[in-house]
Number of protein chains: 2
Amino acid sequence: MSPPPSSPGARGRATIADVAAEAGVSKATVSRYFNHRERLLSPDIAARVEAAISKLAYVPSPMAQALSHGRSRLIGLVVADITNPYSVAVLRGAEKACQDAGYLVMLFNLGNDRERERAAIDALASYQVDGFILNTLGQGEGQADVHTLHGKPAVLVDRRHAGLAADFVSLDNRGAMHDACTHLRQQGWRRLLYITQPLLGVSSRVERTEAFRALAAAQGTQVHGEVLELAAEQGDEVLDQALADLLRQAPPGERCAVVAGNSVVTLRVAASVSRMGWTFGQELGFVGFDDPEWASLIRPGLSAVAQPTDAIGQCAAQCLLDRIGGLQGPARESLLPGLLVVRGSSLGPGGRAAPG
Amino acid sequence: MSPPPSSPGARGRATIADVAAEAGVSKATVSRYFNHRERLLSPDIAARVEAAISKLAYVPSPMAQALSHGRSRLIGLVVADITNPYSVAVLRGAEKACQDAGYLVMLFNLGNDRERERAAIDALASYQVDGFILNTLGQGEGQADVHTLHGKPAVLVDRRHAGLAADFVSLDNRGAMHDACTHLRQQGWRRLLYITQPLLGVSSRVERTEAFRALAAAQGTQVHGEVLELAAEQGDEVLDQALADLLRQAPPGERCAVVAGNSVVTLRVAASVSRMGWTFGQELGFVGFDDPEWASLIRPGLSAVAQPTDAIGQCAAQCLLDRIGGLQGPARESLLPGLLVVRGSSLGPGGRAAPG
DNA sequence: TTGTATGCGTTATCAA
DNA sequence: TTGATAACGCATACAA
């Protein structure tokens, strides 16, 4: 209530000097109260400092700390496309983990403009972020290399980076593809078409495609596998034609199914099937990567490999915090398992779907 | 190539002192080059400074600038629930506008925990953000008041704040509800049920509900309107029962339709209709607020009021930047119009849907 | 155990 | 027009 000595609150918040004056000690002592508490501070002094702090509602300025000590308690998060539900889901997990650890997240959305990746990292670095979480293309003009990170640790999410020896967190793409294809084969779908967005060197797309090809090859004559790269620019007729071809070229009695590389593809496939007047699980089997909220609304329910997006985000954040904490050693790799959710789209005629 | 005088790059990036030494001028001169360029700097000195800057790839430290000058070029963005697609869509527009203006966004997700609103703002403020974009509940323990904002300007998105005289940007809820209800009535749907998430004092929900009630009342005997608040905790049977009741209680020949308050509700209604074995546009008419990407996949297409989320985000950011730029005056209010997208779900038996 | 002095990178005030 | 110098808020050697 009574105005403290050095007029805090006069222009903004109380500073360490205000607290020092209020407690009748030096600024260094107040600083020590926060940083080296028990080790070197006498109880009575500590009590006085504490009283002054709570009286003035003093909170240290992270900006000033960053300038002085070098640590900002800021995490830079670069995301290729915030429109992508996957990015958002990961973002959510990562942001929560950072928050819990006392870090704040600075966001930079590339809007799928790979040329801005470098600029994004530089901008974030200029704010002295303690580390990066990167979910980007990892290609193009301003490709990131070790030097780009300004000596700060980084963790890659979902997409590997050619010249970047950083920790990596992602879905176990190979395992997930295995689960999806095995399930389809067991349900009697013999002719598989994998549809993906254009690979463009994006590691997750490449890995899934390669896993699909490897699985089809390993099945020998039992399974016939093809791959279609479908670009956003390509009209719906391209997809419609591809699906029609798939069924037409199948030998009599060989049932056809589609595996979609992500929910963007799933959406287009669902629209196409609707246009053709087909029903999933009848003319065409289906399993998609990603499990969007509307998957169960499409009759008779779309089977999907659900990604543990929240866990991926939290794991990424934890990895990074470990590194910020000083953890040394070679780049680590965390591959989290997906969860196959079986619905009607992938069941054979006599099959039964799990509830939901 | 040759090591500059004061060893830049030795420990991190070049500083203003390095540039000053390289150019043979004082730090103040270099600072002036950035802040008061043409006004008070001789051409030859400016040229020398410029050369040194590009040679050392010098970039001013925003942290140091913030400490000294008070401006951080940081925007604090508090969002109630980043899981909500609406929040993300707005976030996207806002982040882009901020980026274009040279601002970076610090993100804080409340995860629907209204008690953390205060903590969120404080945390952001401690980083000296220049302003806030708030999409929160605006209620609960740590309710925000003017003092909470630490003297920084703020803009409210989608949800008004009781004790906060800040600019406000949102969908024109009344207009959108008018469009939705008028369209339904014109198509012959006479018995309307508005389903919303629990109001909880959230202004957008309250406004839509009030608008619905007002419209129904204004229609007199032509339209019968009811409201259902559906909580996430309530089981599906509650919704199923409500829809069944709606139809059962309708006089013979009076067709029933649902208006959904947002895409969360839309999802549940679609699931319920699926469980009942109904078809939209037949047993039940439908228009929903928000136009999710899967709206056209639900047969025969879900009619919706699409929000201009991107514009809302950009408008919010621009409002805030205006204030940061010093704009005075009373709180402004920007109500952006929604776009009614008509699909099969709201058409009468003889109606024709717009393509898409 | 505590206080003094200095640096972190920048801007602003005041002289020159 | 340019240069010293003092903040900005904090942490840390170093001295006491």
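Predicted model only: the values in this text are computed from it and were never measured. Below, chains carry the letters A, B, ... as their sequence lines are ordered, and counting in each starts from 1.
Using a 3.5 Å distance cut-off with no hydrogens or angles, the side chains of B:S126 and B:D122 do not pair a donor with an acceptor. When only modelled atom types and interatomic distance are considered, B:S170 and B:D158 share no side-chain donor-acceptor pair under 3.5 Å.
Scanning for side chain to side chain contact (heavy atoms under 4.5 Å, CB included) contacts around B:L67 gives A:A64, A:L67, with sequence neighbours left out. With sequence neighbours excluded, no residue forms a ring-ring contact (aromatic ring centres under 6.0 Å, His included) with A:F168. Residues meeting the ring-ring contact (aromatic ring centres under 6.0 Å, His included) test with B:Y127, sequence neighbours left out: none. With sequence neighbours left out, A:A28 forms a side chain to side chain contact (heavy atoms under 4.5 Å, CB included) with A:S26, A:R32.
Between B:P43 and B:A64, the residue anchored closer to the 5' end of DNA chain D is B:P43, taking for each the nucleotide with the nearest heavy atom.
At the phosphate of C:dG3, OP1 or OP2 sits under 4.0 Å from a side-chain N or O atom of A:T29. Contact annotation: A:Q65 does not reach the phosphate of D:dG9 (side-chain N/O to OP1 or OP2, under 4.0 Å). OP1 or OP2 of D:dG9 has not a single side-chain nitrogen or oxygen of A:T15 nearer than 4.0 Å.
Side-chain proximity of B:L41 to the nucleotides D:dT2, C:dT2, C:dG3 is greatest for D:dT2. The listed nucleotides are D:dG9, C:dG3, C:dT2; the one nearest the side chain of A:S42 is C:dT2.
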Nucleotide N/O of nucleotides 12-15 of chain D paired with protein N/O under 3.5 Å:
| from | atom 1 | to | atom 2 | distance (Å) |
| --- | --- | --- | --- | --- |
| D:dT12 | OP1 | A:H69 | NE2 | 3.2 |

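Closest non-hydrogen pair, B:R73 versus B:A101, comes out as NH2-O, 3.0 Å.
Residue-level contact check: A:Y33 touches neither bases nor backbone, having no heavy atom under 4.0 Å from any strand. Within 4.0 Å of A:V30, counting heavy atoms only, lies no atom of the nucleic acid at all. At a threshold of 4.0 angstrom between heavy atoms, the contacts of A:Y58 are confined to the sugar-phosphate backbone, with no base atom among them.
End-to-end axis angle of the helix from C:dT1-D:dA16 to C:dA16-D:dT1, using five pairs per end and rounding to 10°, comes to 50°.
One atom, CD of A:Q128, and another, P of D:dC10, lie 17 Å apart when rounded to the nearest Å. Spacing between atom CG of B:L56 and atom P of C:dG9 amounts to 13 Å, rounded to whole angstrom units. Remark: C1' of D:dC8 and CZ of B:R71 are 15 Å apart, rounded to the nearest angstrom.
Taking the six-membered ring for Trp and the full ring otherwise, B:F108 and B:F132 have centroids separated by 6.0 Å or more.
Annotation: side chain of B:L134 is in contact with side chain of B:L149 (closest heavy-atom distance under 4.5 Å).
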